[in-house]
Structures are given as C-alpha cells and as structure tokens.
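Encoded as structure tokens, the structure appears first; notes follow it.
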Amino acid sequence: VQLQASGGGVVQPGGSLRLSCVASGSIYRIHSMGWYRQNPGKQREYVATIDSDGIVEYRETVKGRFTISWDTAKKTVYLQMNNVTPEDTAVYYCTSFITESTAGSRMQMYWGLGTQVTVSS
C-alpha cells in the first residue's frame, strides 16, 4: 500500500492551496484518511481526518479555513486550505487506516511522503 501526496507549494498569506493524496496497492478497505503536518524540530501534529461514514474532524486552529474531503472511488483525499497564514507552513503528511486485501490482514495505519507547504509573502 502506498500513499502519494501532491499539491504543496508556496502561497501568499490569505491565499488558497489544495492538497491531494491517493492510496494505491492491494487495498481491501480504507477506513479513514487524514492529514498531519510537521515543522523541523517540532512534533508532527494532527490537522484533519475523515472516516468512511463521512465524519470529519479538524484541528481547532484550522476550523473554518480547511476542508477535508474524500473521493472514495478514486481512493483520494483532499485538503482544501483557504485563508492560509504563515503558521500553516509545514510539511503535510497524508495518513490512512487501511486493511489490505491479503488474507488475514488487519487494519494498519499508513503514512505517505510529505508535501511542503510554505506560506510567505
């Protein structure tokens, strides 16, 4: 199973950016997908998640600005980031709880490689 994130870049304060992450491989079921972020020297922090029932949760500091969505047919999760601030600068990591299609597999948490988001004027 692999998670491939994309969409990072440089954006001005107040601007918008959309991150995408697609899951691939021998997947039986995707239970949830989400995003974390991390800056050098700091702990990785939770940003947002969405589960298979469509229930979403957000970090308090991004509520009202970020929107997570999930195209289940494409196995792709999106993070729409609006009205970004310099504090949103970080490497953003996609994560997912997945059960592989291999017989006897159990649900596991997978991480993708990060995508850099830089908010700067």
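Throughout, residue positions are numbered sequentially from 1 according to the sequence presented. Being a predicted model, the structure only gives us computed values, none of them experimental.
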Next on the checklist: Counting only heavy atoms not in Gln38 (residues, nucleotides, ligands), do more than 12 fall under 6.0 Å from its CD?
Outcome noted: yes

Checklist outcome for this item: Tyr36 meets the ring-ring contact (aromatic ring centres under 6.0 Å, His included) criterion, sequence neighbours left out, with Tyr46, Trp111

Item to check | Gln116 atom CD: more than 12 heavy-atom contacts under 6.0 Å | outcome: yes

Checklist outcome for this item: Ala48 and Leu79 have their tightest heavy-atom pair at CB-CD1, 4.3 Å

Checklist outcome for this item: Across all chains, not counting sequence neighbours, the ring-ring contact (aromatic ring centres under 6.0 Å, His included) partners of Tyr28 are none

Checklist entry - Hey, are the side chains of Lys75 and Ile27 touching, using non-hydrogen atoms and a 4.5 Å cut-off? => result yes

Next on the checklist: Please give me the minimum heavy-atom distance between Tyr58 and Thr67, naming the atom from each residue.
Outcome noted: OH-CA, 3.3 Å

Checklist outcome for this item: What one should report as the nearest heavy-atom pair of Met33 and Cys21 is CE-O, 4.1 Å

Item to check | Rounded distance (nearest 0.5 Å) linking atom OG1 of Thr49 with atom CH2 of Trp35 | outcome: 13.0 Å

Next on the checklist: List the residues meeting salt bridge (Lys or Arg N to Asp or Glu O under 4.0 Å) with Arg65, not counting sequence neighbours, and say none if there are none.
Outcome noted: Asp88

Checklist entry - Is a side-chain N or O of Thr89 found less than 3.5 angstrom from the main chain of Val119, in a donor-acceptor match? => result yes

Next on the checklist: Nearest 0.5 angstrom please: Tyr78 OH to Ile50 CD1, how far?
Outcome noted: 12.0 Å

Item to check | Side chain Thr99, main chain Arg106, donor-acceptor under 3.5 Å | outcome: no

Checklist entry - When rounded to the nearest 0.5 angstrom, what is the spacing between CZ in Arg18 and CE in Met81? => result 13.0 Å

Item to check | hydrophobic_cluster_shared for Val56 and Trp70, side chain cutoff 4.5 Å | outcome: yes

Checklist outcome for this item: Between Cys94 and Ala5, the two heavy atoms sitting closest are CB-CB, 4.4 Å

Checklist entry - Counting only N and O atoms by type, is there a donor-acceptor contact under 3.5 Å from the side chain of Asp51 to the main-chain atoms of Asp53? => result yes

Checklist entry - Are any side-chain N or O atoms of Asn39 and backbone N or O atoms of Lys42, one a donor and one an acceptor, separated by less than 3.5 Å? => result no

Checklist outcome for this item: Separation between CD (Gln80) and OG (Ser16), nearest 0.5 Å, reads 5.5 Å

Item to check | Transitive ILVMFWY side-chain link Val117 to Tyr93, under 4.5 Å | outcome: no

Item to check | Thr95 side-chain N/O to Tyr110 backbone N/O, donor-acceptor pair under 3.5 Å | outcome: yes

Checklist entry - If you take all heavy atoms of Ile30 and Ser96, which pair is closest and at what distance? => result CG2-OG, 3.4 Å

Checklist entry - Distance-only, no hydrogens or angles: does the Thr76 side chain make a donor-acceptor pair with backbone N or O of Lys74 under 3.5 Å? => result yes

Checklist entry - For Ala23 and Ile98, which heavy atoms make the closest approach, and how far apart are they? => result CB-CD1, 4.4 Å

Next on the checklist: Would you say Val47 ends up clustered with Val11 if hydrophobic residues are merged whenever their side chains have heavy atoms under 4.5 Å apart, either directly or through other cluster members?
Outcome noted: yes

Next on the checklist: To the closest 0.5 Å, what do you measure between CZ (Arg44) and CZ (Arg37)?
Outcome noted: 13.0 Å

Next on the checklist: Measuring only between side-chain heavy atoms, which start at C-beta, is Phe66 closer than 4.5 Å to Ile68?
Outcome noted: no

